[in-house]
Amino acid sequence: MAQTVADQSAKQPQVLIFDTTLRDGEQSPGATMTHAEKLEIAGLLDEMGVDIIEAGFPIASEGDFAAVSEIAKNARNATICGLARANYKDIDRAWEAVKHAKSPRIHTFIGTSPLHRAIPNLDMDQMAERIHQTVTHARNLCDNIQWSPMDATRTEADYLCRVVEIAIRAGATTINIPDTVGYTYPMESAKIIRMLLERVPGADEIIFATHCHNDLGMATANSLAAVEAGARQIECTINGLGERAGNTALEEVVMALRVRNDILPYRTGIDTTKIMHLSRRVSTVSGFVVQPNKAIVGKNAFLHESGIHQDGVLKNVETFEIMKPEHIGLNAKNIVMGKHSGRAALRSKLAELGYDLADNQLNDVFVRFKALADRKKEVYDEDILALVADEQTLDAHDTLVLKKLRVICGTDGPQEADMVMSVDGVDHHIDATGDGPVDAAFNCVKQLFPHKARLQVYQVAAVTAGTDAQATVSVRLEEDGRIVTGMSADTDTIVASVKAYINALNRLIVRRTKSAPNDDLKSVSYIDAP
């Protein structure tokens, strides 16, 4: 009897997916998430089938501790992990945060390369002793211990083998090999894993993991090369979010394992149909717009403009597509939505796109959908996703709310803006001028709500094609070391810009009131780990 695909897949070795969007991803400047947003993303990751969720860095702040602790209590399937530096205080705090999880894990690390050994001023023997002591301490608290030699790819081979052996003997059950600065390349990534498996006693009894950064654009390739060499856990983030150029993207490695199962015969428990929904949600809460040509989840990933490509796809879609849109949760039915569509049609469409909204949320989105449909000839899935994302950035308790905006612009300056904005529930009217309509509108906001926040990023992207396309605007502000982002979407680019600006200011207000001095993830020294 012939084996089914399911039978064959079950016999293939499993690669564990370790998602660190809530820890490494949040360390991207401006990507700080609220408590509620962290819990929401963790729930989506758990539902998607992620094996291990690194929920945060509990020692970083009271807010991070609270988020990790609540995620640990609520997780249904995933192992919940907390990060800790190589000291007892960090490890104890991580354990306090994750101990209520059905499956808790402590992840502790220390930099082992010459450059990183110089930071705490430890010689090789002193560092080896600290590794032994701290991993032992962690194992006395928890049975599931992950240890990382930060900057492993720039650590001397002999010393890397030595400290990995020490960590295994001290009780580590997972050894993660981080390419902390995105320095390695695929052949070297694989070589390191093979070396450790061949040279380190006990290496065959634990799981090797890989954590790759994307500084040279090779994070996904390096991760998959490590898996071919024997690693059985990939550390990654949604949309590749993370320090500097980011991390291995979850969607890339998972789909690579699915598409190239012929040469990468490994399985995961990930429900790939939830990828697009989670990608868009992370983009919204982090404020990082997914680039159009981003692999798998970029809006151009399944679009064809070349005549040759279009002709080929019309005849056989596999001619120029190696995966189907529905594999990642994109709607393949292309139900036309317009001004005559009702609530039932919108609810059905949202369900196809991965959203199950409460009645009040649906009503709010429906009102805005109808208004959009009156202004656009065609309403695409991307338009509806932008409406939902914009709706989910709103908060009934926001200090600042845009009520009305009118701008005068053209070749003769200065441009003018006339605005009504609610501050703490009280409407205020103001007008201002500026160097362009956006500048004039932002000046209105500054006059009604004076602040010292500096605009770091102002980015506009069209959701769909056409002059009536919705614009998605991302704004990043910095004030006294606090970095916040805001996003909004509207067919009027100026309106979207002001809403994004106000959204960022509302986040800044929350950060002001909730954060004590130095109570910030970015303020913890030696934190860019692993």
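Excluded from the calculations below are hydrogen atoms, water molecules and symmetry mates; all remaining heavy atoms, backbone and side chain alike, are included.
Between the side chain of Asn214 and the main chain of Ala219, a donor-acceptor pair closer than 3.5 Å is present. Between the side chain of Thr237 and the backbone N or O of Gly25, no donor-acceptor pair lies under 3.5 Å.
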What side-chain donor-acceptor pairs closer than 3.5 Å can you find for residues 128-135, not counting sequence neighbours?
unit_1: Glu129; atom_1: OE2; unit_2: Gln133; atom_2: NE2; d: 2.9
unit_1: Thr134; atom_1: OG1; unit_2: Arg130; atom_2: O; d: 2.7
unit_1: Thr134; atom_1: OG1; unit_2: Ile131; atom_2: O; d: 3.4

If you look only at distance, which donor and acceptor atoms sit under 3.5 Å apart when one is on a side chain in residues 14-21 and the other is two or more places apart or in another chain?
unit_1: Asp19; atom_1: OD1; unit_2: Thr21; atom_2: N; d: 2.9
unit_1: Asp19; atom_1: OD1; unit_2: Thr21; atom_2: OG1; d: 2.8
unit_1: Asp19; atom_1: OD2; unit_2: Thr21; atom_2: OG1; d: 3.1
unit_1: Thr20; atom_1: OG1; unit_2: Asp24; atom_2: N; d: 3.1
unit_1: Thr20; atom_1: OG1; unit_2: Glu54; atom_2: OE1; d: 2.8
unit_1: Thr21; atom_1: OG1; unit_2: Ile238; atom_2: N; d: 2.9

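Among residues two or more places apart in sequence or in another chain, the side-chain contact (heavy atoms from CB on, under 4.5 Å) test is passed with Ala118 by none. Partners of Arg93 by salt bridge (charged side-chain N to carboxylate O under 4.0 Å, His left out), not counting sequence neighbours, listed by chain and number: Glu62. Residues satisfying the ring pair (Phe, Tyr, Trp, His ring centres under 6.0 Å) test with Phe449, not counting sequence neighbours, are none. With sequence neighbours excluded, no residue forms a salt bridge (charged side-chain N to carboxylate O under 4.0 Å, His left out) with Asp480. Judged as a side-chain contact (heavy atoms from CB on, under 4.5 Å), and not counting sequence neighbours, the contacts of Arg76 are Asp46. Evaluation of the salt bridge (charged side-chain N to carboxylate O under 4.0 Å, His left out) rule for Asp125 yields Arg162 as partners, not counting sequence neighbours. Checked against salt bridge (charged side-chain N to carboxylate O under 4.0 Å, His left out), Lys446 has no partners two or more places apart in sequence or in another chain.
Between Glu478 and Lys452 there is no salt bridge, since none of the side-chain N atoms of the basic residue sits less than 4.0 Å from a carboxylate O of the acidic one. Here Glu252 pairs with Lys294 in a salt bridge; the nearest charged N to carboxylate O distance falls below 4.0 Å. Look at Lys38 and Glu70 and you find no salt bridge, because none of the NZ, NE, NH1 or NH2 atoms lies under 4.0 Å from a carboxylate O. In summary, Glu40 and Arg281 engage in a salt bridge, as defined by a charged side-chain N under 4.0 Å from a carboxylate O.
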Applying salt bridge (Lys or Arg N to Asp or Glu O under 4.0 Å), run through Arg454 and Glu479 and close with a yes or a no. CA-CA 6 Å; Arg454 184 173 64 89; Glu479 180 190 68; over 6 Å; no
Pair Asp179-His211, side chain to side chain donor-acceptor pair (under 3.5 Å): steps then yes or no: CA-CA 6 Å; Asp179 184 25; His211 178 116; over 6 Å; no
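There is a side-chain donor-acceptor pair under 3.5 Å between Asp151 and Ser113. No hydrogens or angles considered: a donor-acceptor pair under 3.5 Å links the side chains of Asn261 and Gln12. Side-chain atoms of Thr272 and Arg258 include a donor-acceptor pair closer than 3.5 Å. No side-chain donor-acceptor contact under 3.5 Å links Thr184 and Asn222.
Listed by first and then second residue, the salt bridge (charged side-chain N to carboxylate O under 4.0 Å, His left out) pairs involving residues 212-223 are Asp215-Arg244 (not counting sequence neighbours). Counting only residues at least two apart or on different chains, the salt bridge (charged side-chain N to carboxylate O under 4.0 Å, His left out) pairs with a member in residues 187-202 are Asp158-Arg199. For the ring pair (Phe, Tyr, Trp, His ring centres under 6.0 Å) condition, the pairs that include at least one residue of residues 82-103, sequence neighbours left out, are Tyr88-His137.
Distance CG/Asp271 to CE/Met48: 7.5 Å, rounded to 0.5 Å. Rounded to the nearest 0.5 Å, atoms CG (Leu196) and SG (Cys161) are 5.0 Å apart.
Within a 6.0 Å sphere centred on CG of Asn293, heavy atoms belonging to other residues, nucleotides or ligands number more than 12. Atom OH of Tyr458 has more than 12 heavy atoms from other residues, nucleotides or ligands within 6.0 Å. Under a cut-off of 6.0 angstrom, the local environment of CG in Asn121 is sparse, with at most 12 non-hydrogen atoms contributed by other residues, nucleotides or ligands.
For the pairing with Met255, the side-chain contact (heavy atoms from CB on, under 4.5 Å) check across Leu250, Ile296, Thr220 returns one residue only, Ile296. Each of Leu505, Ile502, Asp424 was scored for a side-chain contact (heavy atoms from CB on, under 4.5 Å) with Thr399, with one residue passing: Asp424. Under the side-chain contact (heavy atoms from CB on, under 4.5 Å) rule, Thr173 has a single partner from Gln146, Arg139, Glu205, which is Arg139.
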